[in-house]
> 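One structure is given below, represented as structure tokens, and several questions about it will come after.
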Amino acid sequence: MIKAEDVYDVLRKIPEGKVTTYGDIAKALGHPKASRAVGRILHANPNPIIVPCHRVVMSDGKLGGYADGVEKKVRLLKKEGLDFKNNKVENFEKKKVVLKKN
DNA sequence: GCCATGGCTAGTA
DNA sequence: GCCATGGCTAGTA
């Protein structure tokens, strides 16, 4: 079972202007198939201020969801210097962080 | 039984 | 576009 606290811990390491994916978080925590579960956990994020869940997107660079509305997610990411081409993060490969497995 | 995913396959152009 | 996957919640018995 994947713990919400662990997901939030990983999230706090993502710097401004960078992103990661649901699947990468799942892998980093040793649950390669739990990507969807990660999404559910983020949906329940109790504290968007300290846990930047807007920096998590889909494996193909598409936006994914946001509890507070996708528009807001876009706004936050743009403010951090990211851009969107056709519903995808521009230069996705360069914007992804590499996550360590603990 | 839902869903903030992802990987794989069919099959179109 | 289909479906396995994992975590959660509603709501029946």
Side-chain angles (χ1 to χ4, degrees):
Chain A
M1 273 229 180
I2 185 162
K3 284 203 205 105
E5 284 314 309
D6 296 340
V7 174
Y8 300 148
D9 281 344
V10 172
L11 245 316
R12 275 193 248 104
K13 297 191 226 161
I14 314 287
E16 251 188 60
K18 293 286 187 174
V19 291
T20 187
T21 70
Y22 302 96
D24 284 349
I25 293 176
K27 279 180 220 155
L29 296 176
H31 294 255
K33 297 177 195 162
S35 53
R36 197 148 188 184
V38 169
R40 287 200 53 81
I41 288 167
L42 292 188
H43 188 60
N45 179 2
N47 199 342
I49 309 289
I50 63 165
V51 180
C53 54
H54 61 279
R55 298 189 189 133
V56 185
V57 298
M58 300 223 241
S59 62
D60 59 356
K62 291 204 313 203
L63 197 53
Y66 198 61
D68 222 20
V70 171
E71 285 310 308
K72 187 156 188 176
K73 187 171 184 175
V74 173
R75 229 170 26 247
L76 289 170
L77 288 174
K78 284 190 173 172
K79 196 181 304 183
E80 299 185 353
L82 295 207
D83 256 310
F84 293 86
K85 205 132 127 217
N86 30 24
N87 238 345
K88 282 183 163 194
V89 176
E90 199 166 8
N91 256 333
F92 183 44
E93 288 306 318
K94 303 284 183 282
K95 300 296 185 181
K96 273 206 301 189
V97 260
V98 190
L99 299 178
K100 277 199 211 171
K101 342 203 159 205
N102 309 345

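Order of the sequence lines fixes the chain letters, A, B, ..., with proteins taken first and strands second; residue numbering starts at 1 for each chain. Values below: every heavy atom of this structure, side chains too, minus hydrogens, waters and symmetry copies.
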> Closest approach of A:Lys95 and A:Val89, non-hydrogen atoms and distance?
CG-CG1, 4.3 Å
> How long is the line joining CD1 of A:Ile14 and C1' of B:dA4, in whole Å?
16 Å
> Between C:dG7 atom C1' and A:His31 atom NE2, what is the distance in whole Å?
12 Å
> Does A:Ile2 reach a base, just sugar-phosphate, or nothing at all? Heavy atoms under 4.0 Å.
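Touches sugar-phosphate only.
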> Counting any heavy atom closer than 4.0 Å, what does A:Ala67 reach on the DNA or RNA strands: base, sugar-phosphate only, or nothing?
base
> What are the two closest non-hydrogen atoms of A:Thr21 and A:Met58, and how far apart are they?
CG2-O, 3.7 Å
> Both distances under 3.5 Å, Watson-Crick or G-U wobble: report the partner of C:dG7, or none.
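When the pairing criteria are applied, B:dC2 turns out to be the nucleotide that pairs with C:dG7.
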> Rounded to whole Å, please give me the gap between CZ in A:Arg36 and C1' in C:dC3.
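Interatomic distance, CZ of A:Arg36 to C1' of C:dC3: 10 Å.
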> How many whole angstroms separate atom CD1 of A:Ile41 from atom P of B:dA4?
13 Å
> OH of A:Tyr66 versus P of B:dT5: gap in Å, rounded?
15 Å
> For the side chain of A:Ala37, counting heavy atoms from C-beta on, which of B:dG7, B:dA4, C:dG7 is nearest?
C:dG7
> Between C:dT5, B:dG7, B:dA4, spot the one nearest the side chain of A:Lys27, thanks.
B:dG7
> Can you measure A:Leu29 atom CG to C:dG6 atom C1' for me and round it to whole angstrom units?
13 Å
> For residues A:Leu42 and A:Tyr22, determine if any side-chain heavy atom of one lies less than 4.5 Å from a side-chain heavy atom of the other.
yes
> What's the NE2-C1' distance between A:His43 and B:dC2, to the nearest Å?
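Taking atom C1' of B:dC2 as the reference, NE2 of A:His43 is at 11 Å.
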> Once hydrogens and angles are ignored, does a donor-acceptor distance under 3.5 Å link the base of B:dA4 to the side chain of A:Tyr22?
yes
> Tell me whether the side-chain N/O atoms of A:Ser35 come closer than 4.0 Å to OP1 or OP2 in B:dT5.
no
> It should be established whether A:Arg40 places a side-chain nitrogen or oxygen under 4.0 Å from OP1 or OP2 of nucleotide C:dG7.
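For C:dG7, OP1/OP2 do not have a side-chain N/O of A:Arg40 under 4.0 Å.
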> Quick one: A:Lys72 NZ to B:dA4 P, roughly how many Å, whole number?
18 Å
> Identify which nucleotide among C:dT5, B:dG6, B:dA4 has an atom closest to any side-chain atom of A:Leu42, counting heavy atoms from C-beta outward.
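Side chain of A:Leu42 sits closest to B:dA4.
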> Is there a donor-acceptor pair under 3.5 Å between the side chain of A:Lys18 and the backbone N or O of A:Lys94?
yes
> Give a yes or no on whether the backbone of A:Leu63 and the side-chain of A:Lys73 come within a donor-acceptor separation of less than 3.5 Å.
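Yes, because the side chain of A:Lys73 sits within donor-acceptor range (under 3.5 Å) of the backbone of A:Leu63.
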